[in-house]
Amino acid sequence: MIRQQYAVVGLGRFGTSVARRLYEAGHEVLGIDVNEERVEDAKLYVTHAVVADTTEEHTLTAVGIRNFDCVIVAIGSDMQSNILTVLLLKELGVKKVIAKAIGKQHGQVLDKVGADWIIYPERDMGERVANQLLSPNMLNYIELSKEYNIEEIVIPPRMAEKSLRELDIRAKYNISAIAIVREGDIIISPSPDQIIHKEDLLVVIGDKENLARFSNIE
């Protein structure tokens, strides 16, 4: 794994959870917040943590923000600071800026000032909960577009100990198996003769309607 440099601006619940996951994955993480208490709390989960106002260009320059591979702007309570921080980061030449938005209009503004990826945590979490209620066998998913997902699905008992060739999910459900997760390991591009075991998770790609049909099999 290539060690990357990340900066997380805004150390509330969302920002801290992102920073912690990146740090635990072995990357270098700088945490930034205007609140000293939040910075102190985050020091266990980041490589470095500083108290700073990221709406000031000289502050961003002082922490060497241009050197980071990616900056996540997770400021949630102050929309103006959120937008201004994204604008300054892009003006300073940061390669990739991910920004948290609290609503559609906020997201549109972030898009106009140059954010490379806009995240809507509340909306996305609501959709994730609803999708998992509607498709109980689905554990996780990545939305590729409005029509297509990649999903991680629990194998129905009646599919266990059969090969992908026997299951023939491409013909029956018009979806494709791209990986198998087995005891923490991942089998990429499994062959048609690969046997699916009871505890396996199947990673599949397809349109949402067909995926929903497959993930509701009992």
Smallest heavy-atom separation, Thr47 atom then His27 atom, equals OG1-O, 3.9 Å
Return the minimal non-hydrogen interatomic distance between His197 and Ala160, and the atom names on each side. C-CB, 4.3 Å
Spatial distance of atom CD (Glu40) from atom CG (Asp33) [nearest 0.5 Å]: 12.0 Å
Kindly compute the distance separating CZ (Arg38) from NZ (Lys43), expressed to the nearest 0.5 Å. 16.0 Å
Restricting to non-hydrogen atoms, name the atom on Thr61 and the atom on Arg66 that form the minimum distance, rounded to 0.1 Å. CG2-NH1, 4.0 Å
Check Ala101 against Tyr120 and note the closest heavy-atom contact, atom names and distance. CB-CE2, 3.7 Å
What one should report as the nearest heavy-atom pair of Ser176 and Ile169 is C-CD1, 4.5 Å
Residues in ring pair (Phe, Tyr, Trp, His ring centres under 6.0 Å) with Phe68, at least two apart? none
Reported CG-to-CD distance for the pair Leu87 and Glu57, which is rounded to 0.5 angstrom: 9.5 Å
Using a 4.5 Å cut-off on heavy atoms from C-beta on, say whether the side chain of His106 contacts that of Ile118. no
Do you see a donor-acceptor pair shorter than 3.5 Å between the side chains of Thr55 and Asp53? yes
Verify, without hydrogens or angle tests, whether Asn174 (side chain) and Gly206 (backbone) share a donor-acceptor contact under 3.5 angstrom. no
Closest non-hydrogen atom pair, Ala74 against Gly10: CB-O, 3.6 Å
Which of these, Ile195, Ile196, Leu167, sits in a side chain to side chain contact (heavy atoms under 4.5 Å, CB included) with Lys162? Leu167
Counting distance only, does the side-chain N/O of Lys90 pair as donor-acceptor with the main-chain N or O of Val94 below 3.5 Å? yes
Mind checking who shares a hydrophobic cluster with Leu44, ILVMFWY linked at side-chain heavy-atom distances under 4.5 Å? Tyr45
Main-chain N/O of Arg182 paired to Asp200 side chain as donor or acceptor, under 3.5 Å: no
Hey, does the side chain of Asp69 reach the backbone of Gln5 with a donor-acceptor pair shorter than 3.5 angstrom? yes
